[in-house]
A.B. asks: 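Next up is a structure, given as structure tokens.
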Amino acid sequence: MKIQTLAKYIDQPFVINKINNQVPKLLVSSGLTIVLFDSFRHGGNNKENRRRLLKNIIIASSIIGATLTSIKNFKLIEMKPAKEIIKEQTKAIDEYVKKTNLTDNFLLSILNKSKRNHLSLDEISVLFEKLKNDSNRTFLFKKLFSENKNLTSNEIFSEIKRLSTLGVVPVISGIAGGIIADAVTGTFSLKSNANKIKEGFYQYFANIFLCNVGAGTALYGLEKLNKHGVIKKMTPTKKMLTILAGITVMGIIGGSYIANFLSKKIINPIFSQKREHGIYSERKPEVLDIALHTDDIATAGVLSGVKWVEPMLPVMYFISGFRAGTGYRNVNN
């Protein structure tokens with residue numbers, strides 16, 4: 001199987017639409033898995049486990065509900081109606097057939113299928129093979145296979161805003177759900193609330209927001225260098241490497257420091273907590289934090305114009321929200 005064929009299969013509007021429509025199922029199933037794992041991995045007696053399970057269910061429900069509501073109301077992930085895709089596909093195919101006077105029945109059957117459904121890998125291979133010398137195929141393929149969008153400077157920062165909003169919702173709803181869960185289970189305390197807010201700061205700044213800013217800033221800089229002729233060609237590889245470099249510098253390296261600094265200077269005084277052991281005594285980066293930066297690969301893909309990776313972002317951001325909701329701290333670990 002050619003990589004190009006697989007890439008085009010995923011790039012079909014019908015496939016992207018189906019993937020995007022799976023966000024609720026992906027979010028609920030992954031959330032349930034995380035809840036069950038966290039509830040029983042600590043051991044303890046049945047009473048403790050039941051209380052932890054109840055708290056985790058409240059936190060997860062808060063995150064999932066808020067995330068799905070924000071996606072729907074603020075259109076944070078594009079979910080184009082199937083009717084609209086059918087209309088666009090049909091118009092493009094009819095125009096192509098009329099323009100080229102196409103008579104190949106097998107090819108016509110494939111094109112007619114693509115009006116209402118996605119094509120198989122074999123059908124895509126046939127399409128590319130039969131139309132490889134057709135100069136008119138570019139017009140057709142732009143509709144049948146979504147092209148990676150080359151974002152402008154303004155669009156880059158608009159995407160950062162959208163992705164950062166998609167990330168802040170689970171963190172805030174996680175904190176809110178955690179506070180409610182403490183109240184319900186009789187474990188409410190100022191220290192617990194402070195830990196939730198501090199972990200929320202850490203997750204959002206270190207694992208989400210500053211990574212997005214770093215990615216967008218780096219891509220913006222690359223575009224300016226290209227515009228002034230310093231860099232001759234903006235290849236997808238150059239864009240991806242530039243974005244990942246920006247994420248590394250501003251997010252992975254700087255995010256942890258900034259989040260802990262804000263916790264020490266702002267959150268601790270508000271809750272009258274004094275810690276004199278240094279900035280990083282509050283929260284140390286660990287393996288899972290590094291693993292959470294896999295969402296930055298998805299972010300890089302989105303900023304590079306690859307839309308089918310978006311449905312994974314709410315799932316990855318759920319983990320950040322869940323950790324904020326449980327008030328996770330590893331200072332004593």
A.B. asks: Please work out whether the ring planes of F209 and F205 are parallel, tilted or perpendicular, with thresholds of 30° and 60°.
C.D. replies: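 The rings of F209 and F205 stand perpendicular, inter-plane angle above 60°.
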A.B. asks: S164: what forms a side-chain hydrogen bond (donor to acceptor under 3.5 Å, both in side chains) with it, not counting sequence neighbours?
C.D. replies: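 Partners of S164 under the side-chain hydrogen bond (donor to acceptor under 3.5 Å, both in side chains) test: N212.
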A.B. asks: Show which side-chain atoms of residues 57-67 pair as donor or acceptor with protein atoms under 3.5 Å away, not counting sequence neighbours.
C.D. replies:
from : atom 1 : to   : atom 2 : distance (Å)
S61  : OG     : I57  : O      : 2.7
S62  : OG     : S173 : O      : 2.7
T67  : OG1    : I63  : O      : 2.7

A.B. asks: Got a sec, which residues hit salt bridge (Lys or Arg N to Asp or Glu O under 4.0 Å) with D38, two or more places apart in sequence or on another chain?
C.D. replies: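 Here the qualifying residues are R41.
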A.B. asks: Could you pull out all residues at least two apart from D122 that satisfy salt bridge (Lys or Arg N to Asp or Glu O under 4.0 Å)?
C.D. replies: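 For D122, no residue satisfies salt bridge (Lys or Arg N to Asp or Glu O under 4.0 Å) once neighbours in sequence are set aside.
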A.B. asks: Could I get the full list of ring-ring contact (aromatic ring centres under 6.0 Å, His included) partners for F128, not counting sequence neighbours?
C.D. replies: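 F141, F145.
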A.B. asks: side-chain hydrogen bond (donor to acceptor under 3.5 Å, both in side chains) with R51: which residues, sequence neighbours excluded?
C.D. replies: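 side-chain hydrogen bond (donor to acceptor under 3.5 Å, both in side chains) list for R51, sorted by chain: empty.
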A.B. asks: Under the salt bridge (Lys or Arg N to Asp or Glu O under 4.0 Å) test, which residues partner E88, sequence neighbours left out?
C.D. replies: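 Scan of E88 (salt bridge (Lys or Arg N to Asp or Glu O under 4.0 Å), adjacent residues dropped) gives K80.
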A.B. asks: With sequence neighbours left out, what residues match Y96 under ring-ring contact (aromatic ring centres under 6.0 Å, His included)?
C.D. replies: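 Scan of Y96 (ring-ring contact (aromatic ring centres under 6.0 Å, His included), adjacent residues dropped) gives none.
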A.B. asks: What residues form a side-chain hydrogen bond (donor to acceptor under 3.5 Å, both in side chains) with K99, not counting sequence neighbours?
C.D. replies: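 K99 satisfies side-chain hydrogen bond (donor to acceptor under 3.5 Å, both in side chains) with no other residue.
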A.B. asks: List the residues meeting salt bridge (Lys or Arg N to Asp or Glu O under 4.0 Å) with D94, not counting sequence neighbours, and say none if there are none.
C.D. replies: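 Only K115 meet the salt bridge (Lys or Arg N to Asp or Glu O under 4.0 Å) criterion with D94.
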A.B. asks: side-chain hydrogen bond (donor to acceptor under 3.5 Å, both in side chains) with T90: which residues, sequence neighbours excluded?
C.D. replies: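 Once residues adjacent in sequence are excluded, T90 has no partner under the side-chain hydrogen bond (donor to acceptor under 3.5 Å, both in side chains) criterion.
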A.B. asks: Applying salt bridge (charged side-chain N to carboxylate O under 4.0 Å, His left out), run through R162 and E159 and close with a yes or a no.
C.D. replies: CA-CA 5 Å; R162 182 174 66 87; E159 285 291 273; 2.8 Å; yes
A.B. asks: Among residues two or more places apart or on two chains, list those pairs meeting salt bridge (charged side-chain N to carboxylate O under 4.0 Å, His left out) that have a residue in residues 58-72.
C.D. replies: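 Every candidate salt bridge (charged side-chain N to carboxylate O under 4.0 Å, His left out) pair involving residues 58-72 fails, so no pair, neighbours aside, qualifies.
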A.B. asks: Test your reading of the model: is there a side-chain donor-acceptor pair from N226 to the backbone of L222, 3.5 Å cut-off?
C.D. replies: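 Absent.
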